[in-house]
Amino acid sequence: MTDTRNLVERLPNDIGGLPADPVQRVDHELLPWEKRCHALADVLDFHKIINTEEKRCGVEALGAELVGKLTYYERWIVAFANILFRKGVLAPTELALKMKEIEARLVAELSSTRPSP
Amino acid sequence: MSEVGHDHPHVEISQSAPPGYYEIMETAVRELLIDKKLIGADEIRRQIEVLDSRSPALGAKLVARAWVDPAFRARLLADGRKACEEEFDISFYDDTALIVLENTEKIHNLIVCTLCSCYPRPVLGLPPDWYKLKPYRARAVIEPRAVLAEFGTIIPDDVEVRVSDSTAMVRYLVLPRRPDGTEHYSEDQLAALVTRDTMIGVVEASVERATP
């Protein structure tokens, strides 16, 4: 078997049956944005904008390196953005500008709500 | 929770750290879709409430009822989703089927999603992180007994271990065996024995244990 054959036959999500470490029973309470991301996924599914399989596929399309490095909901939101670009729902520039605007807004909100020392 | 007219686009911001890149991306995607009227701000808020309303306590009620009511058990096994919707008023907010797998003296069931993180969310809430991570997903299908042992669960050799791999459309729930010595328990007392992990199949229901 060539060393690339396995990469062709197994996409990043297809890990069933591979050797892996012992199960560590880890869990965490979702952060507010993670829960919003989950709700967003469900709402996108209700409206048939992105269904569950498209989401899974979109995560896989991020490639092994990103799938390995991003956390669960980080993968989702990046996959959503890419899928929405591909479907022509959003444009990359539009998202970049909106992110800039939101970052400025959130930072401003944060500094205005932070108690002065 | 109040549902007053409130079209402020963000749902909640309750943190003190500066927002991260991915959080900003989430907010931006959501607000752009709301601006384009493709989704409603209220829909996100309502879905968060739905997510918050789902927990293993719902699944535990189903299991306890199935233990005390053979006719219900038969209906639950025949069509899990229908039994949840019609008899427990548990709505399925996605297009998934629910297949309930009954543990018996001869069969122990375990559920996994090797490709991602599919899980019977309408009846158990969101899956724990370990369910979504590589070790469980990779190994549950190839060496389930070794995985079960890591949860402290030893299944006798003469009991078949069946692993069911979930998909985007088909979700599974394990109906654990009713522990011995619970003949006098009420349905509520029985439900208290049914933990999340018993319905994933990584542990058995027990009168001693009340872990997740």
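Numbers restart at 1 for each chain; the letters A, B, ... are given by sequence-line order, proteins then strands.
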Top contributor to chain B interface from A/A96, A/A39, A/A81, A/P19 [non-hydrogen pairs under 4.5 Å]:
A/A39
Closest-packed option against chain B by number of heavy-atom pairs under 4.5 Å, given A/L30, A/D14, A/T71, A/L18
A/L18
Does B/E150 pair with A/R25 as a salt bridge, N-O distance under 4.0 Å?
no
Part of A/L70 lying under 4.5 Å from any heavy atom of chain B
side chain
So which residue, A/K98, A/E60, A/K100, ends up with the most heavy-atom pairs under 4.5 Å with chain B?
A/K98
Tell me the closest heavy-atom pair linking A/Q24 and B/W130, and the distance in Å.
O-CB, 3.4 Å
One thing to verify: whether A/D27 and B/K132 come together as a salt bridge, which I'm taking to mean a side-chain N less than 4.0 angstrom from a carboxylate O.
no
Quick one: do A/D42 and B/V50 satisfy side-chain contact (heavy atoms from CB on, under 4.5 Å)? Show the steps, please.
CA-CA 10 Å; A/D42 289 336; B/V50 170; over 6 Å; no
Please classify the contact of A/E94 with chain B as side chain, backbone, both or neither, using a heavy-atom distance under 4.5 Å.
both
With a 6.0 Å cut-off (strictly less than), is the heavy-atom count around OH of B/Y21, excluding the residue itself, greater than 12?
no
Heavy atoms, side chains only, cut-off 4.5 Å: are B/E23 and A/R36 in contact?
yes
For B/L33 and A/L44, the nearest pair of non-hydrogen atoms, with its separation, is CD1-CD2, 3.7 Å
Using a 6.0 Å cut-off, check whether atom NZ of A/K55 has over 12 heavy atoms from anything other than its own residue.
yes
If I compare all heavy atoms of B/I44 with all of A/V43, which pair ends up nearest, and what's the gap?
CD1-CG2, 4.0 Å
Could you go step by step and tell me if B/D52 and A/K35 meet the side-chain contact (heavy atoms from CB on, under 4.5 Å) rule?
CA-CA 9 Å; B/D52 284 342; A/K35 193 176 277 182; 2.4 Å; yes
Other residues, nucleotides and ligands only: do more than 12 of their heavy atoms fall within 6.0 Å of NZ on B/K82?
no
Pick one of side chain, backbone, both or neither for B/I24, based on which atoms fall under 4.5 Å of a heavy atom in chain A.
both
Can you tell which part of B/Y131 gets under 4.5 Å to a heavy atom of chain A, answering side chain, backbone, both or neither?
neither
With only heavy atoms counted, which part of A/P12 is less than 4.5 Å from chain B, the side chain, the backbone, both or neither?
neither
Given B/F151 and A/V23, is the side-chain contact (heavy atoms from CB on, under 4.5 Å) satisfied, shown in steps?
CA-CA 8 Å; B/F151 285 86; A/V23 177; 3.9 Å; yes
Tell me, for A/L40 versus chain B, whether the close heavy atoms (under 4.5 Å) come from the side chain, the backbone, both or neither.
both
Leading residue by heavy atom contact count with chain B [cutoff under 4.5 Å; candidates A/H38, A/R56, A/H28]
A/H38
Please classify the contact of B/V29 with chain A as side chain, backbone, both or neither, using a heavy-atom distance under 4.5 Å.
both
Side chain, backbone, both or neither: which part of A/D45 has an atom under 4.5 Å from a heavy atom of chain B?
side chain
CH2-SG distance between A/W76 and B/C116, expressed to the nearest 0.5 angstrom:
7.0 Å
With a 4.5 angstrom heavy-atom cut-off, which part of B/D35 approaches chain A: side chain, backbone, both or neither?
side chain
Go through the atoms of A/H47 and report whether side chain, backbone, both or neither lie under 4.5 Å from a heavy atom of chain B.
side chain
Closest non-hydrogen atoms of B/Y93 and A/F46, given as atom of the first, atom of the second and distance, are O-CE2, 2.6 Å
What residues of residues 133-140 of chain B make heavy-atom contacts with chain A at a cutoff under 4.5 angstrom?
B/L133, B/K134, B/P135, B/Y136, B/R137, B/A138, B/R139
Which atoms form the tightest heavy-atom contact between B/K36 and A/V89, and what is the distance?
CE-O, 3.4 Å
Structural part of A/L31 lying under 4.5 Å from a heavy atom of chain B:
neither
If we only count heavy atoms from C-beta on, is the B/D95 to A/K48 side-chain gap below 4.5 Å?
yes
Could you give the distance from CD1 (A/I15) to CG (B/L115), rounded to the nearest 0.5 Å?
8.5 Å
Under the side-chain contact (heavy atoms from CB on, under 4.5 Å) criterion, do A/R105 and B/E31 qualify, and how do the steps go?
CA-CA 13 Å; A/R105 189 183 80 206; B/E31 291 190 8; 2.7 Å; yes
Among A/L11, A/V107, A/V78, the residue with the most heavy-atom pairs under 4.5 Å to chain B is A/V78
Crowded around B/D180 CG? As in, over 12 foreign heavy atoms under 6.0 Å?
no
Hey, which of A/I77, A/L95, A/L90 has the most heavy atom pairs under 4.5 Å with chain B?
A/I77
Name the member of B/I39, B/L32, B/V141, B/I142 that forms the most heavy-atom pairs with chain A at distances under 4.5 Å.
B/L32
When rounded to the nearest 0.5 angstrom, what distance separates CD in A/E29 from CG in B/L126?
10.0 Å
Measuring from atom OH of B/Y22 to atom CE of A/M99, what distance do you get when rounded to the nearest 0.5 angstrom?
9.0 Å
